[in-house]
Amino acid sequence: ANGIFTFDPGFTSTASCESKITYIDGEKGQLLHRGYSIEELASKSDYLEVCYLLLNGELPSAEQKAEFVSTVKNHTMVHEQIRNFFNGFRRDAHPMAIMCGVVGALSAFYHDSLDINDSTHRDVTAFRLIAKMPTIAAMCYKYGLGQPLMYPRNDLGYAENFLHMMFGNPCEDSEISPTLARAMDRIFILHADHEQNASTSTVRLAGSSGANPFACIAAGISALWGPAHGGANEAVLKMLEEIGDVSQIETFIAKAKDKNDPFKLMGFGHRVYKNYDPRATVMRESCHEVLAELGVNDPQLELAMKLEEIALNDPYFKEKKLFPNVDFYSGIILKAIGIPTSMFTVIFALSRTVGWIAHWNEMISNPYKIGRPRQLYTGETERSFVPVNERK
Ligand code: SDX
């Protein structure tokens, strides 16, 4: 009765509920990409190899991987006129607002020449987006600082190149720590895809009308921004700052349980996982490794671990099956790498682009119909018009 949606056959036939890309077992806390567990991929693979897997269904041979990496490298620059878009934004604009605008604008550069029914055009679109998202993300950050927008370098790895464009400057060579590059790459992997979440469903629904794929990805970025979805990583850090120290944890747990209080424990709960989000487990382990290797002693990590311990032993959270999700620890690692909270969701969007594109491609390359969710109507029954001078 509150606008509950039921999908008509037309919507489900866009394969929006059928996919071969990612499998989640929410009860077991299992996440597989094309049959490979997220735990194995996070520890043994790298982001571009996972991109190949999500897009093509198989892990690449050494030769296929070399060709894929080389092709991505050759698409990392953006059209010089894209740089002009940034000047239209205030310097203090949220980077996600800039990201939505600039990625949507890519459709103006690749519209006329793009036939989505041609698989080679779809492949180039995938390469362009995977390659350009780090460049655009770093430009969003640099623009806010008033620093020069950095160009990508083809001699660097994917994550290394992103950190170079984020923290480097034209006056000196940037030295990127292998520890940070490896941690960044693992974060990219952990956010790459997650089945039919809100932003991926947005991309599929937009794509089902035949819209330009760059515009569809911009729609996905907009959906991801919300604090209930991809904006949660930024919200977790703000929540930890608000909690302040361990003595306040019980107060905030009580607020999270109070039905009259809109406060939710950020980084906790999930529509699908009713067990640990396996990505949160990997993220927590990575958190300890990165902070130890960097020699960082972040009190917010201690606070987060204590909050997790108390929440997991709380009867309400147990009964509702609320566990930490991917966003609970990611912000602490990103902060240790030197990324500001305003950029956390931008990095989520950068990572998730391959998942969005893989789902878009899977739908477009098979027979599909436009999505058309139906509704449960709860409004007025038909009635006659009343002229304004006869109304009460
Ligand atoms: C992501 O879909 C995806 O796959 C998303 C994602 C991806 O990779 O794409 O995994 C990424 O979005 C992770 C989620 C990040 N969001 C947050 O961490 C924000 C905090 N979490 C909550 O807003 C919430 O858990 C949601 C939005 C994530 C899920 O909300 P639901 O669908 O209402 O969860 P539910 O049905 O399991 O909730 C059961 C109950 C509800 O109460 P009742 O209606 O039964 O009385 O638990 C309550 C919820 O209100 N609840 C919480 C809570 N999360 C759910 N109560 C307090 N704190 C929380 N965090």
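Just so you know, ligand 1 is whichever comes first in the structure, and atom 1 is the first atom listed for that ligand.
- Of the protein's non-hydrogen atoms, A228 O, 3.0 Å is the one closest to atom 16 (N) of ligand 1.
- At a heavy-atom cutoff of 4.0 Å, ligand 1 is contacted by no atom of E195, backbone or side chain.
- In terms of protein heavy-atom proximity, atom 55 (C) of ligand 1 is closest to L322 CD2, 3.6 Å.
- Checked against a 3.5 angstrom limit, the closest N/O atoms of G230 and ligand 1 fall outside it.
- In this structure, R284 forms no cation-pi arrangement with F328, as its terminal cationic atom is not both closer than 6.0 Å to the ring centre and no more than 45° off the ring axis.
- Listed here is the closest heavy atom pair of A192 and Y47: CB-CE1, 4.1 Å.
- For Y316, every heavy-atom contact with ligand 1 shorter than 4.0 Å involves the side chain, none the backbone.
- Atom NZ of K132 is separated from atom NE2 of H79 by 10.0 Å, given to the nearest 0.5 angstrom.
- Closest heavy-atom approach to atom 11 (C) of ligand 1 among the candidates H229, K320, R352: H229.
- The option with the heavy atom closest to atom 57 (C) of ligand 1, from among A256, A192, S199, is A256.
- Residues H194 and Y273 bring their aromatic ring centres within 6.0 Å.
- Using cut-offs of 30° and 60° on the angle between ring planes, the pair F68 and F127 is tilted.
- Side-chain atoms of K73 do not come within 3.5 Å of backbone N or O of Y158 as any donor-acceptor pair.
- E49 and K65 are joined by a salt bridge, as a carboxylate oxygen and a charged side-chain nitrogen come within less than 4.0 angstrom of each other.
- Rounding to the nearest 0.5 Å places CD of E293 at 4.0 Å from OG1 of T179.
- Here the side chains of K257 and D314 are in contact, with some heavy-atom distance below 4.5 Å.
- Interface of K274 with ligand 1, defined as ligand atoms under 4.0 Å from a residue heavy atom, comprises 35 (P), 37 (O).
- With a 4.0 Å heavy-atom cut-off, ligand 1 is reached by no atom of H191.
- Nearest protein heavy-atom neighbour of atom 20 (C) of ligand 1: F268 O, 3.4 Å.
- For atom 48 (C) of ligand 1, the nearest protein heavy atom lies closer than 4.0 Å.
- Checked against a 6.0 Å centroid threshold, the rings of F214 and Y110 count as neighbours.
- Relative to the ring axis of Y151, R83 places its NZ or CZ within 45° and under 6.0 Å from the centre.
- When hydrophobic clusters are built by joining Ile, Leu, Val, Met, Phe, Trp and Tyr residues whose side-chain heavy atoms come closer than 4.5 Å, directly or via intermediates, Y23 is not grouped with Y36.
- From the protein, the heavy atom lying nearest to atom 58 (N) of ligand 1 is L265 N, 3.1 Å.
- The protein does not reach atom 26 (C) of ligand 1 closely, with no heavy atom under 4.0 angstrom from it.
- In this structure, OH on Y368 lies 8.5 Å from CH2 on W360, to the nearest 0.5 angstrom.
- Here is the list of ligand 1 atoms found below 4.0 Å of a heavy atom in G267: 17 (C), 18 (O).
- Using a non-hydrogen distance threshold of 4.0 Å, N325 registers as a contact of ligand 1.
- Close N/O approach between D277 and ligand 1 is not found [any backbone or side-chain N/O within under 3.5 Å].
- Closest heavy-atom approach to atom 50 (O) of ligand 1 among the candidates K255, M239, E319, K264: K264.
- At the shortest separation from atom 13 (C) of ligand 1 among protein heavy atoms lies D327 OD2, 3.4 Å.
- At the top of the distance list for atom 44 (O) of ligand 1, counting protein heavy atoms only, stands K259 NZ, 4.4 Å.
- With salt bridges taken as basic N to acidic carboxylate O contacts below 4.0 Å, one links E309 and K306.
- R186 has a carboxylate O that lies under 4.0 Å from a charged side-chain N of E289, or vice versa, which qualifies the two as a salt bridge.
- Within a 4.0 Å radius of atom 30 (O) of ligand 1, the protein contributes no non-hydrogen atoms.
- Residue contact check: G269 has heavy atoms under 4.0 Å from atoms 25 (O), 28 (C) of ligand 1.
- Of the protein's non-hydrogen atoms, H194 ND1, 2.6 Å is the one closest to atom 4 (O) of ligand 1.
- Residue A232 has at least one heavy-atom neighbour below 4.0 Å for each of these atoms of ligand 1: 15 (C), 16 (N), 17 (C), 18 (O).
- Protein heavy atom closest to atom 6 (C) of ligand 1, with residue, atom name and distance, is H270 NE2, 3.7 Å.
- Proximity to N197 (heavy-atom distance under 4.0 Å) selects the following atoms of ligand 1: 2 (O), 3 (C), 4 (O), 5 (C), 9 (O).
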